[in-house]
Chemist: 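Would you mind keeping the following structure in view while I ask a few things?
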Amino acid sequence: LAPETATAQAASEEVKRACRQTTSQVASLIEGAKRRGVKDLEQGIQKPSDSWGTQVATYMIQAANRSDSLSQGELASLGYAYCVERRPRG
């Protein structure tokens, strides 16, 4: 039993790390695009190539479009929660 439990925890930390990296990167891209005056964030942001990352980026872009007052950190936090919740299973 112990090796399976350790493996599950390691995968969980890997997911968290991937989510932190992805959401931090996307939040930075969104913030930069907003500073440059990009009106269509959906077209102005290069999304991650994997479907999971693309879904997270799309969610974050939609959140940014709905609220101009979200800070980069707040946007990254929203994206992180979504990312962890929607992570691929298995």
Side-chain angles (χ1 to χ4, degrees):
L1 271 188
E4 289 178 26
T5 302
T7 302
Q9 289 173 348
S12 178
E13 288 304 312
E14 184 178 325
V15 165
K16 290 177 185 178
R17 188 172 29 261
C19 284
R20 273 192 298 276
Q21 181 180 358
T22 298
T23 57
S24 176
Q25 205 170 31
V26 171
S28 179
L29 290 171
I30 291 171
E31 185 66 26
K34 287 166 77 175
R35 273 190 253 128
R36 290 190 313 274
V38 173
K39 298 295 180 195
D40 186 359
L41 294 175
E42 189 71 36
Q43 296 300 316
I45 302 294
Q46 182 176 2
K47 296 177 189 166
S49 59
D50 62 278
S51 65
W52 178 34
T54 297
Q55 290 172 13
V56 172
T58 298
Y59 174 81
M60 292 174 70
I61 289 167
Q62 290 170 350
N65 282 332
R66 285 190 299 268
S67 176
D68 291 335
S69 64
L70 283 174
S71 71
Q72 183 174 336
E74 290 168 330
L75 191 56
S77 290
L78 283 172
Y80 177 80
Y82 179 86
C83 183
V84 170
E85 178 65 29
R86 301 292 178 134
R87 71 191 177 278
R89 304 294 187 216

Chemist: Taking atom OG of Ser69 and atom CZ of Arg66, what is their separation to the nearest 0.5 Å?
Modeler: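 Rounded to the nearest 0.5 Å, the OG-CZ separation comes to 12.0 Å.
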Chemist: Hey, is the main chain of Pro48 close enough, under 3.5 Å, to the side chain of Thr54 for a donor-acceptor pair?
Modeler: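 It does hold such a pair.
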Chemist: Taking it one step at a time, do Val15 and Cys19 satisfy side chain to side chain contact (heavy atoms under 4.5 Å, CB included)?
Modeler: CA-CA 6 Å; Val15 165; Cys19 284; 4.2 Å; yes
Chemist: Of all heavy-atom pairs between Ala64 and Ile30, which one has the smallest distance, and what is that distance?
Modeler: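 In terms of heavy atoms, the two residues are closest at CB-CG2, 3.8 Å.
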Chemist: Got a sec, which pairs hit ring-ring contact (aromatic ring centres under 6.0 Å, His included) with one end in residues 32-76, sequence neighbours left out?
Modeler: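 For residues 32-76, and leaving out neighbouring residues, the ring-ring contact (aromatic ring centres under 6.0 Å, His included) pairs sorted by first residue read Tyr59-Tyr82.
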Chemist: When rounded to the nearest 0.5 angstrom, what distance separates CZ in Arg20 from CD in Gln25?
Modeler: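 The CD atom of Gln25 is 14.5 Å from CZ of Arg20, to the nearest 0.5 Å.
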Chemist: Check the pair Lys16, Glu13 against salt bridge (Lys or Arg N to Asp or Glu O under 4.0 Å), reporting the backbone distance first and the verdict last.
Modeler: CA-CA 5 Å; Lys16 290 177 185 178; Glu13 288 304 312; 3.6 Å; yes
Chemist: For the CE atom of Met60 and the OG1 atom of Thr22, what is their distance to the nearest 0.5 Å?
Modeler: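 Rounded to the nearest 0.5 Å, the CE-OG1 separation comes to 9.0 Å.
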Chemist: So, for Ala63 and Leu75, which heavy atoms are closest and what is the spacing to 0.1 Å?
Modeler: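 Taking Ala63 first and Leu75 second, the nearest heavy atoms are CB-CD1, 4.1 Å.
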Chemist: Can a donor-acceptor pair be found, under 3.5 Å and without considering hydrogens, that links the side chain of Arg87 to the backbone of Val84?
Modeler: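 Confirmed, Arg87 side chain pairs with Val84 backbone.
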Chemist: Grab the two heavy atoms, one from Ala33 and one from Leu41, that are nearest each other, plus how far apart they are.
Modeler: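 Ala33 and Leu41 have their closest heavy atoms at CB-CD2, 3.8 Å.
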Chemist: What's the separation between atom OG in Ser77 and atom CG in Leu70, rounded to the nearest 0.5 Å?
Modeler: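 Between Ser77 OG and Leu70 CG, I get 10.0 Å after rounding to 0.5 Å.
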Chemist: Can you tell me if CD on Glu42 sees more than 12 non-hydrogen neighbours from other groups inside 6.0 Å?
Modeler: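 Atom CD in Glu42 is packed in, count exceeds 12.
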Chemist: Which is it for Val26 and Val56 under the side chain to side chain contact (heavy atoms under 4.5 Å, CB included) test, yes or no, and what are the steps along the way?
Modeler: CA-CA 9 Å; Val26 171; Val56 172; 5.9 Å; no
Chemist: Side chain to side chain contact (heavy atoms under 4.5 Å, CB included) for Ile61 and Lys47? Distances and angles first, verdict last.
Modeler: CA-CA 10 Å; Ile61 289 167; Lys47 296 177 189 166; 3.9 Å; yes
Chemist: To the nearest 0.5 Å, what is the distance between OG1 on Thr58 and CD1 on Ile45?
Modeler: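 Answer rounded to 0.5 Å: 11.0 Å.
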Chemist: Atom CD of Gln55 and atom CG of Asp50: how far apart are they, to the nearest 0.5 Å?
Modeler: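 Output value for this atom pair is 9.0 Å.
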